[in-house]
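Each remark here refers to the structure printed beneath this line.
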Amino acid sequence: MDFSLAFTPDLIAVFFTLFVLEVVLGVDNVIFISILASKLPKEQQAKARNLGLTLAMVMRVILVLFAGWIITLKEDVFFIGEMGFSWKDLILIAGGLFLVYKAVTEIHHKLEGHEEEAQASGRATVTFGSVLIQILLLDLVFSLDSVITAVGMTESLVVIITVVVLSFGIMLFASRFIFAFVNKHPTVKMLALSFLLLIGVFLVAEGFDFKIDKAFIYGPMAFAIIVEALNLTYSARKAKREQKRQTAVQFRPQYPGVDESAAIDAALSKDPASGSVGLSRKPVAGDVTTHEHREGLG
């Protein structure tokens, strides 16, 4: 590993590839942070998002600097039968189980209405410190796999660190919008929790040396996002059409051929000389269909 930098077509291709991977990973982080931060009081949510992302970026840069040591984590430390386990495998298994637990717990809370009860009572369900710890633990799992992948693609620390800083800068800017969008649409939040559950299962499988192409993970996720976007667009357009069809409420039927302008002018006028309009206590009588001999109100 070195800090030298020589611009070549291969290095530029590696840079953009790592950048895309880091942005995708950053979106996963922001979604998880948004779900955790939404449980805090509103005045602490933005601070938790920004501080959590900043600490995650610092931790990832530190891991890049110790890339030589991180590579040694891939060596098996013990065996169960013929299957060997390295420190990387153990971290992925533990992180994946943690992610599965958090996703299943959050889905259960939403289905049972615990989140709405907590918001109605105005009490926070987690503390600020616990949110930061969970963010860092999750990012440690994601960062480990990300750094090993980056080191396998290039030995230039400048490229890796630049990619990490740029991607986190974008995520720091977009986190507010992603946070608002995820928490505004309940179906999107449930979809995001399902994604986290899927990623957790993927990490556990990878820890047991079951290699799964990431295209099989992010491909269905992208398809589900497109379907959800279509559903949201349909719902928004349907709401607009229904709003246009709404008409004013009529408290009584209008009788054709009856000039009510005098009564309306009297009701709206503040001049005592213009008269007054009152409601009759006499019940309505007469043939309403033919508008003949109406007595009482109307």
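The first residue in the sequence is number 1, and the count goes up from there.
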Nearest-0.5 Å distance that lies between atom CD1 in I135 and atom CD1 in I33: 4.5 Å

Taking a hydrophobic cluster as the set of Ile, Leu, Val, Met, Phe, Trp and Tyr residues connected by side-chain heavy atoms closer than 4.5 Å, whether directly or through intermediates, do L36 and L197 fall within one such cluster? no

Write down the atom of D89, the atom of G84, and the distance for their closest heavy-atom approach. OD2-O, 3.8 Å

Once rounded to the nearest 0.5 Å, what's the spacing between atom NE2 of H108 and atom CG of L111? 8.0 Å

Donor-acceptor contact present, side-chain S235 to main-chain L232, <3.5 Å: no

Result for side chain to side chain contact (heavy atoms under 4.5 Å, CB included) between I199 and one of L99, V100, V204 points to L99

Which heavy-atom pair separates A13 from T17 by the least distance, and what is that distance? O-OG1, 2.8 Å

If you define the side chain from C-beta out and look only at heavy atoms, does anything of F66 sit under 4.5 Å from I62? yes

Start with the C-alpha distance between F223 and V227, add both sets of side-chain angles, then the distance that settles side-chain contact (heavy atoms from CB on, under 4.5 Å), and finish with yes or no. CA-CA 6 Å; F223 178 76; V227 173; 3.9 Å; yes

How close do A192 and I35 get, counting heavy atoms only, and between which atoms? CB-CD1, 4.4 Å

Non-hydrogen atoms of I93 and G207 that approach each other most closely: CG1-CA, 3.7 Å

Is it possible for you to check whether R49 lies under 6.0 Å from the centre of the six-membered ring of F179, through NZ or CZ, and within 45° of that ring's axis? yes

How long is the span from the CG atom in L136 to the CG atom in L55, to the nearest 0.5 Å? 5.5 Å

Within 6.0 angstrom of F173 CZ, more than 12 heavy atoms from elsewhere: no

Could you tell me the separation between the CE atom of M190 and the CD atom of E228, rounded to the nearest 0.5 Å? 11.0 Å

Any chain of hydrophobic side-chain contacts (each under 4.5 Å) joining Y101 to I31? no

Between V159 and L18, what is the shortest heavy-atom contact and its length? CG1-CD1, 4.5 Å

With side-chain contact (heavy atoms from CB on, under 4.5 Å) as the criterion, how do V23 and M171 come out once you've worked through the C-alpha distance, each side chain's angles and the decisive distance to 0.1 Å? CA-CA 7 Å; V23 169; M171 289 302 102; 4.1 Å; yes

If we only count heavy atoms from C-beta on, is the K110 to E106 side-chain gap below 4.5 Å? no

Between S175 and V30, the two heavy atoms sitting closest are CA-CG1, 3.9 Å

Can you hop from I170 to F168 via hydrophobic side chains spaced under 4.5 Å? yes

Can you label the angle between the F78 ring and the F85 ring as parallel, tilted or perpendicular, going by 30° and 60°? parallel

Atom CZ of F79: over 12 foreign heavy atoms under 6.0 Å: yes

Relative to F128, does K47 satisfy both conditions: NZ or CZ under 6.0 angstrom from the six-membered ring centre, and within 45 degrees of the ring's axis? yes

Can you tell me how far the CG atom of L132 sits from the CG atom of L51, to the nearest 0.5 Å? 5.0 Å

With rounding to the nearest 0.5 angstrom, report the CG to NE2 distance, N231 to H185. 12.0 Å

Using the side-chain contact (heavy atoms from CB on, under 4.5 Å) rule, take R241 and R237 through it: C-alpha gap first, then chi angles, then the decisive distance, then the call. CA-CA 6 Å; R241 289 194 297 266; R237 292 185 178 181; 3.9 Å; yes

Is there a path of hydrophobic side-chain contacts, each under 4.5 Å between heavy atoms of I/L/V/M/F/W/Y residues, joining L193 to L198? yes

When hydrophobic residues are tied together by side-chain contacts of less than 4.5 Å, even through go-betweens, does I133 share a cluster with L53? no

